[in-house]
Q: 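One structure follows; several queries about it will come next.
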Amino acid sequence: MTQSEFRYAHHPEDTKKYTTEDLRREFLINDLFNEDKIKLVYTMYDRLIVGGIMPSAKALKLEPTDDLKAENFLDRRELGIINVGSVGKVTVDGEVYELANKEALYIGKGAKEVIFEKSGNAQPYFYINSAPAHHTYPTKKITKNEAEIVELGEEKYANKRTINKLIVNSVLETCQLQMGMTELHPGSVWNTMPSHTHTRRMEAYFYFDLEEGQAISHFLGQPQETRHIFMKNREAVLSPEWSIHSGVG
């Protein structure tokens with residue numbers, strides 16, 4: 001079963017007037033993972049699709065939504081997957097890729113059939129991003145050992161972190177999709193600092209591996225008009241080009 005949502009883009013001047021409820025409705029993506037369901041959110045920011053896939057009792061096939069106007073999901077798109085759960089399997093046009101925790105898979109434009117399933121009794125959580133694509137690049141699995149690693153931050157500023165660049169052009173060729181994973185060091189709480197904007201691209205932030213009872217405060221908005229959204233484990237948030245994107249928790 002696939003559950004799909006559609007999100008419009010927003011003018012920063014309009015966003016200044018949003019209530020907390022408005023901000024959460026327009027930017028927060030919750031309930032990403034539900035047993036034997038695929039959840040997809042299509043946003044007008046770069047036409048990115050953010051999704052969560054949780055196969056449990058059965059395998060789940062990625063189907064196109066009405067927004068795509070396509071016979072197959074990847075007819076005109078590319079797909080990135082990061083498994084944030086236990087080991088699982090992704091089958092792409094008959095070829096099986098096993099993804100352990102924090103491993104990634106890039107699937108190029110033109111793939112016809114993508115199926116997600118468990119491996120034994122393990123429970124995978126497949127976090128996905130998909131962007132429009134103009135060219136076909138090979139499907140490839142990326143382990144953490146194959147990622148480009150960048151160490152940033154300092155303990156005294158509570159932002160010491162390791163950036164694992166998994167699906168980036170220094171690791172493999174893509175059209176425009178880029179995905180990475182930030183791991184905070186013990187005692188650090190900021191995912192990025194100083195805050196900044198990227199006028200050339202939007203981003204989606206997905207937070208996972210939070211301990212029970214913990215929360216993230218994600219900061220967004222223009223630098224002179226910041227807002228915040230409190231988030232729970234395995235939730236995502238859309239970050240417009242004009243918005244900062246710092247999280248602390």
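Remember, predicted model here, so these are calculated numbers, not experimental data.
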Q: Out of curiosity, does Ile163 fall in the hydrophobic cluster containing Ile142 (side-chain heavy atoms, cut-off under 4.5 Å, transitive links)?
A: no

Q: So, taking the atom named OG in Ser130 and the one named CG in Leu68, what distance separates them when rounded to the nearest 0.5 Å?
A: 7.5 Å

Q: Compare every heavy atom of Leu60 with every heavy atom of Ile53, then report the nearest pair and how far apart it is.
A: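 For Ile53 and Leu60, the tightest heavy-atom pair comes out as CG2-CD1, 3.9 Å.
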
Q: Side chains of Leu220 and Thr15: closer than 4.5 Å at any heavy-atom pair?
A: no

Q: If you count heavy atoms of other groups shown closer than 6.0 angstrom to CD of Glu212, is the number above 12?
A: no

Q: Would you say the side-chain atoms of Asp36 pair up with the backbone N or O of Ser56, donor to acceptor, closer than 3.5 Å?
A: yes

Q: So, for Thr182 and Asn191, which heavy atoms are closest and what is the spacing to 0.1 Å?
A: CG2-O, 4.1 Å

Q: Tell me whether Leu177 shares a hydrophobic cluster with Phe73, the cluster being built from Ile, Leu, Val, Met, Phe, Trp, Tyr side chains joined at under 4.5 Å.
A: no

Q: Please report, to 0.1 Å, the donor-acceptor pairs under 3.5 Å made by any side chain of residues 235-244, with sequence neighbours excluded.
A:
from: Glu235; atom 1: OE1; to: Lys232; atom 2: N; distance (Å): 2.8
from: Trp242; atom 1: NE1; to: His10; atom 2: O; distance (Å): 3.2
from: Ser243; atom 1: OG; to: Gly221; atom 2: N; distance (Å): 2.8

Q: Could you pull out the closest heavy-atom pair between Ala70 and Asp75, with the gap in Å?
A: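 Closest approach of Ala70 to Asp75, heavy atoms only: CB-OD2, 3.9 Å.
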
Q: To the nearest 0.5 Å, tell me how far Arg7 CZ sits from Leu48 CG.
A: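 If we round to the nearest 0.5 Å, Arg7:CZ and Leu48:CG are 12.0 Å apart.
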
Q: Is the shortest heavy-atom distance from the side chain of Arg76 to the side chain of Pro132 under 4.5 Å?
A: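 When only atoms from C-beta onward are counted, Pro132 and Arg76 do not touch, as no gap falls below 4.5 Å.
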
Q: Output yes when Arg227 and Glu225 qualify as a salt bridge under the 4.0 Å nitrogen-oxygen rule, no when they do not.
A: no

Q: Is there any ring pair (Phe, Tyr, Trp, His ring centres under 6.0 Å) pair reaching into residues 86-123, and which pairs are they, with sequence neighbours excluded?
A: Phe116-Phe126

Q: What are the two closest non-hydrogen atoms of Lys141 and Glu98, and how far apart are they?
A: NZ-O, 2.7 Å

Q: In chain order, what residues pass the side-chain contact (heavy atoms from CB on, under 4.5 Å) check against Thr136, with sequence neighbours excluded?
A: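 Thr136 satisfies side-chain contact (heavy atoms from CB on, under 4.5 Å) with Lys109 only.
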
Q: Mind checking ring-ring contact (aromatic ring centres under 6.0 Å, His included) for His196 and listing every partner two or more places apart, or none if nothing turns up?
A: His198, His245

Q: Starting from the C-alpha separation in whole Å, work towards a yes-or-no answer on side chain to side chain contact (heavy atoms under 4.5 Å, CB included) for Trp190 and Leu184.
A: CA-CA 8 Å; Trp190 288 97; Leu184 298 178; 5.9 Å; no

Q: Any side-chain heavy atom of Phe6 sitting closer than 4.5 Å to one from Asp67?
A: yes

Q: Give a yes or no on this: more than 12 heavy atoms of other residues, nucleotides or ligands lie within 6.0 Å of atom CD of Glu151.
A: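 Enclosed.
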
Q: Looking at Lys39 and Glu5, is there a salt bridge between them, counting it only when a charged N and a carboxylate O are closer than 4.0 Å?
A: yes

Q: Look at the side chain of Glu95 and the backbone N and O of Val92, then say whether any donor-acceptor pair between them is shorter than 3.5 Å.
A: no

Q: List the steps and the verdict of side chain to side chain contact (heavy atoms under 4.5 Å, CB included) for Ser188 and Asn159.
A: CA-CA 5 Å; Ser188 288; Asn159 68 346; 5.5 Å; no

Q: Between atom CD of Glu78 and atom CD of Glu173, what is the distance when rounded to the nearest 0.5 Å?
A: 11.0 Å

Q: Could you name each residue pair satisfying ring pair (Phe, Tyr, Trp, His ring centres under 6.0 Å) that touches residues 129-162, not counting sequence neighbours?
A: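 Listed by first then second residue: His135-Tyr137.
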
Q: Quick one: does Lys16's side chain have a donor or acceptor within less than 3.5 Å of a partner on Pro12's backbone?
A: no

Q: Quick one, Asn129 and Val50 - any side-chain contact, counting heavy atoms below 4.5 Å?
A: yes

Q: Of all residues at least two apart in sequence or in a different chain, which pass the side-chain contact (heavy atoms from CB on, under 4.5 Å) check with Thr20?
A: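 Result, side-chain contact (heavy atoms from CB on, under 4.5 Å) vs Thr20: Arg24.
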
Q: So Lys102 and Asp209, side chain to side chain contact (heavy atoms under 4.5 Å, CB included) or not? Walk me through it.
A: CA-CA 11 Å; Lys102 298 180 180 178; Asp209 280 357; 3.7 Å; yes

Q: Between Ile149 and Asn164, is any pair of side-chain heavy atoms under 4.5 Å apart?
A: yes

Q: Ignoring hydrogens and geometry beyond distance, is a side-chain donor-acceptor pair present between Thr2 and Glu63 at under 3.5 Å?
A: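 Side-chain D/A pair, Thr2 to Glu63: absent.
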
Q: Does Lys165 have more than 12 heavy atoms from other residues, nucleotides or ligands lying within 6.0 Å of its NZ?
A: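 For Lys165, atom NZ is not crowded (no more than 12 foreign heavy atoms under 6.0 Å).
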
Q: Which heavy atom of Ile38 sits nearest a heavy atom of Lys61, and at what distance?
A: CD1-O, 3.4 Å

Q: Could you see if Tyr42 belongs to whatever hydrophobic cluster contains Met202? Use Ile, Leu, Val, Met, Phe, Trp, Tyr and a side-chain cutoff under 4.5 Å.
A: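 Different clusters: Tyr42 never reaches Met202 through Ile, Leu, Val, Met, Phe, Trp or Tyr contacts under 4.5 Å.
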
Q: Enter the distance from Ser4:OG to Ile49:CD1 here, rounded to the nearest 0.5 Å.
A: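 It comes to 9.0 Å.
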
Q: Are the side chains of Phe27 and Tyr18 in touch, meaning some heavy atoms are under 4.5 Å apart?
A: yes

Q: Going hydrophobic residue to hydrophobic residue with side-chain gaps under 4.5 angstrom, can you get from Leu74 over to Leu40?
A: yes

Q: Working to the nearest 0.5 angstrom, can you tell me the gap between Ser217 OG and Tyr207 OH?
A: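 Answer for the OG-OH pair, Ser217 versus Tyr207, is 9.0 Å.
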
Q: Within this structure, what is the CG-CD1 distance for the pair Leu105 and Ile128, rounded to the nearest 0.5 Å?
A: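 The CG atom of Leu105 sits 11.5 Å away from the CD1 atom of Ile128.
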
Q: Working note: Phe208 + Asn233, criterion side chain to side chain contact (heavy atoms under 4.5 Å, CB included); need CA distance, chi angles, decisive distance, verdict.
A: CA-CA 5 Å; Phe208 66 101; Asn233 191 32; 4.1 Å; yes

Q: Evaluate whether atom CG of Asp14 has more than 12 neighbouring non-hydrogen atoms of other residues, nucleotides or ligands under 6.0 angstrom away.
A: yes

Q: Taking the side chain as every heavy atom from C-beta outward, state whether Glu203 and Tyr45 have any pair of such atoms under 4.5 Å apart.
A: no

Q: Quick one, Phe206 and Met179 - any side-chain contact, counting heavy atoms below 4.5 Å?
A: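 Result no, sub-4.5 Å side-chain heavy-atom pair not found.
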
Q: Looking at Lys144 and Glu183, is there a salt bridge between them, counting it only when a charged N and a carboxylate O are closer than 4.0 Å?
A: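 Yes, charged N to carboxylate O under 4.0 Å.
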
Q: Measure up the Phe230 and His228 rings against each other and bin them: parallel (under 30°), tilted (30 to 60°), perpendicular (over 60°).
A: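 Phe230 vs His228 ring planes: perpendicular.
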
Q: If you take all heavy atoms of Leu32 and Arg234, which pair is closest and at what distance?
A: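 Smallest heavy-atom distance, with atoms named: CB-O, 4.0 Å.
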
Q: Distance-only, no hydrogens or angles: does the Asn83 side chain make a donor-acceptor pair with backbone N or O of Ser86 under 3.5 Å?
A: yes

Q: Is there a path of hydrophobic side-chain contacts, each under 4.5 Å between heavy atoms, that joins Met54 and Ile81?
A: no

